[in-house]
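First the proteins, then the strands, lettered A, B, ... as listed; each starts at 1. As a basis for the values below, the full set of heavy atoms in this structure was taken, side chains included, without hydrogen atoms, waters or symmetry mates.
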Amino acid sequence: MPDVRDGLRDGLRAALEGAGVVGAPVELAIERPRDPSHGEWSSNVALVAAKAARRPPRELAEEIVARLGAEPPPHVVAVEAAGPGFVNFRLAPSWLHEVLAEVIAAGVDAYARSDAGAGRTVSVEFVSANPTGPLHAGHGRWAAYGDSLCRLLEHCGYRVTREFYVNDRGRQIDLFAASLAARRRGAEPPEDGYHGEYVAEWAAEMPDGADARQWGIERARRDQADTLAAMNVAFDLYTSESELVARGAMGEVLHELGSRAVVYEHDGAQWLRTGEFGDSADRVLVKSDSEPTYFLPDIAYHHEKSSRNELVIDVLGADHHGYVPRMRAALAALGHGDEDYEALVGQNVTLRRGGVEVRLSKRAGNMVLVSELLDEVGPDVTRLVYLLQSIDTTQTIDIDVVSAQSAENPVYYLQYAHARIHSLGRQAEARGVQRAPLDEVDLTVLVHERELDVLRVLAGLPDTVAAAMRARAPHQVAAWARELAAAFHRFWHDCPILRDDVREDLRQARLWLVEATRIGLAVALAILGVSAPERL
RNA sequence: GCCCUCGUAGCUCAGUGGAUAGAGCAUCGGUCUCCUAAACCGUGUGCGCAGGUUCGAUUCCUGCCGGGGGCACCA
């Protein structure tokens, strides 16, 4: 896809050479200045090349400007040296008309795509909630985040497998089964068991003679799968811990580690030398009672994932951050490359209702389920709310605000833009207005600042998507969508389209501008996994 | 005690090694005989504190203070 910066970069390189700066390893950044009065694009060439050139940056900038002025790159109407030595470009609106044509040509399927991933395989594990209960609002964050991250990676040319690991054996399961069985016979669950209301509800559903463990796991998994489906999240691969163990993966990986001489015995237990691979201590693989710790099957699973993927990503909650060094160490001990494993640790979610914080606990009463959020506000709002914020900060979801049918709800701003676009389509149809083919439309009539602002935002989507992918930060796409919505609302307010007093050529160009906006919004929403209503 | 993470406007949050740090909400005041006013326009003494690296730090590093999370032969 053509990029206006290519021409600017070529021009800058030539000017730099003309100025006698040769061979300097210059990181040539061309960015949008924060202050629009500094032009459309700005480069720091002179600042970074000054040292190699042994000249003051401002002076170097002046010379570059003089040389560029003599032979300006495409669309450039003025080049200026500014500040400590920036080179600023002023461009004709034609560069934005080109952007509009590109967006339309690419369409929803192709705009802002890249092949940065080059078809590399990546496994992304997320949610992986224990099959001991429904998904709570905290899990919802990882469901929304993990799935959108996958969409981002796919958009950038990775081959993604969405993975869910089911811890269906071990102590938690024992407790869950015991709790279920106890409720079934009308007794209290064990002290350290599961006391949530759902346990009693599920126990009431349980058929006579059913095995509480097996039935309970299935019940929990079905509940979680329903919730995930309602959130528009679909996993490619569920891996059951007990099946993994049953097929001998645990013994195999233990043998593999043993053959690499990184396992030793101490106090009757078998330890892995994770301390030698960057962890703060060695870890137990097999306890002195011969029972494996949870860690061993986990290693087996990660070994397997690493063997069938070029990159392995785990999405984890903050409470699991301590787990990262040991898994990283175990994978290193198994000979996997350090860069091929990524653990993304996000902060927790808290809920607020009626002005008070609701703690997310598996203990009864105040647990807020994803399914409740879904019931209250629907899947789109639920996902969008999760994705509006970086996972690096603890998120407080105010249920009253999120469920409010008012402007206070941050989701509506975005949805309203979408609804307006579709409303325009309905209006146009009702009035018999049709878009002429793009190559018959004169886009150069788009010179209103509101129109150009929309195009400027649209021009930024490919960069935004690429950056969001690299940063593993889908919320950046959400932020971009809000920017686009804002630009669109302002355009809408100032630039009528269907009104009788609008010239036909301008109307046509604006209709295409709206179509490009629709495409940009659709691309962003697809990455977020959100669909927007066609009317509010 | 050790480790991770966050600290930006009244609130909820974006943001960048650069030139005057943004958006929504809230406040106050404007804008519909006109494609959706859930919109638009105006209204703001904010990067926790102190050092360091850099031509330039809110951004990177160190320390401190404050919030959250974690430190098992539990998972």
Stacking between A/His38 and the base of B/rA19 (centre distance under 5.5 Å, interplanar angle under 30°)?
yes
Kindly say whether, by distance alone, the side chain of A/Asn88 makes a donor-acceptor pair under 3.5 Å with the base of B/rA19?
yes
What interatomic distance, in whole Å, is found between C1' of B/rA9 and the corresponding atom of B/rA21?
11 Å
Any carboxylate oxygen within less than 4.0 angstrom of a Lys/Arg side-chain nitrogen, looking at A/Arg221 and A/Glu218?
no
Heavy atoms within less than 4.0 Å of RNA chain B: which residues of residues 501-519 of chain A have one? Give them sorted by number.
none
The complete set of ring pair (Phe, Tyr, Trp, His ring centres under 6.0 Å) pairs with one or both residues in residues 385-413 of chain A, sequence neighbours excluded, reads A/Tyr413-A/His489
Donor/acceptor link under 3.5 angstrom from A/Thr293 side chain onto base of B/rA75
no
Is the shortest distance from a Lys or Arg side-chain nitrogen in A/Asp453 or A/Arg456 to a carboxylate oxygen in the other one below 4.0 Å?
yes
Would you say A/Gln434 has more than 12 foreign heavy atoms packed within less than 6.0 Å of its CD?
no
B/rC60, syn or anti by chi within 90 degrees of zero
anti
Does A/Pro33 reach a base, just sugar-phosphate, or nothing at all? Heavy atoms under 4.0 Å.
base
Looking only at the side chain of A/Ala269 (C-beta and beyond, no hydrogens), which of the listed nucleotides B/rA19, B/rC40, B/rC73 gets closest?
B/rC73
Please determine whether the number of non-hydrogen atoms from other residues, nucleotides or ligands lying under 6.0 Å from atom CZ of A/Arg535 exceeds 12.
no
Using a cut-off of 4.0 Å on non-hydrogen atoms, how would the nucleic acid contact of A/Ser390 be classed: base, sugar-phosphate, or nothing?
sugar-phosphate
It should be established whether A/Tyr413 places a side-chain nitrogen or oxygen under 4.0 Å from OP1 or OP2 of nucleotide B/rC40.
yes
In plain terms, say whether A/Arg171 and A/Asp192 are close enough for a salt bridge, that is, a side-chain N and a carboxylate O under 4.0 Å apart.
yes
Stepwise salt bridge (Lys or Arg N to Asp or Glu O under 4.0 Å) test for A/Glu515 and A/Arg518
CA-CA 5 Å; A/Glu515 171 63 5; A/Arg518 185 192 69 78; 2.9 Å; yes
Pairs counted as Watson-Crick or G-U wobble with both distances under 3.5 Å: what dot-bracket string results for RNA chain B, using | for bases tied to another strand?
(((((((..((((....[...))))..((((.......)))).....(((((..]....))))))))))))....
Check this one for me: any side-chain N or O of A/Gln389 less than 4.0 Å away from OP1 or OP2 of B/rC13?
yes
Could you tell me whether the side chain of A/Gln508 reaches within less than 4.5 Å of the side chain of A/Arg435, counting heavy atoms only?
yes
At 4.0 Å (heavy atoms only), tell me whether A/Thr394 reaches a base, stays on the sugar-phosphate, or touches nothing.
sugar-phosphate
Is there a donor on the side chain of A/His321 or the base of B/rG70 sitting less than 3.5 Å from an acceptor on the other?
no
Examine B/rA38: is either OP1 or OP2 under 4.0 Å from a nitrogen or oxygen in the side chain of A/His489? Give yes or no.
no
Please work out whether the ring planes of A/Tyr165 and A/Tyr301 are parallel, tilted or perpendicular, with thresholds of 30° and 60°.
parallel
I want to check a possible cation-pi pair here: A/Arg32 against A/Trp41, using under 6.0 Å from ring centre and within 45° of the ring axis as the test.
yes
Sugar-phosphate only, base, or nothing, as touched by A/Asp35 at under 4.0 Å among non-hydrogen atoms
base
If you assign A/Ala479 and A/Ala419 each to the RNA chain B nucleotide with the nearest heavy atom, which residue ends up on the more 5' nucleotide?
A/Ala479
Between the side-chain atoms of A/Arg499 and the base atoms of B/rC34, is any donor-acceptor pair under 3.5 Å?
yes
Closer to the 5' end of RNA chain B via nearest nucleotide, is it A/Gln427 or A/Ala82?
A/Ala82
On the nucleotide B/rC74, are OP1 or OP2 found under 4.0 Å from the side-chain N or O atoms that A/Lys287 carries?
yes
Gap in Å between the two P atoms, one belonging to B/rC4 and one to B/rU62, rounded:
9 Å
Does a nitrogen or oxygen in the side chain of A/Gln476 sit under 4.0 Å from OP1 or OP2 of B/rG15?
yes
Classify the nucleic acid contact of A/Ser288 as base, sugar-phosphate or nothing, counting any heavy atom under 4.0 Å across all strands shown.
base
Counting neighbours of NE2 on A/His422 that are heavy atoms of other residues, nucleotides or ligands and sit closer than 6.0 Å, is the number greater than 12?
yes
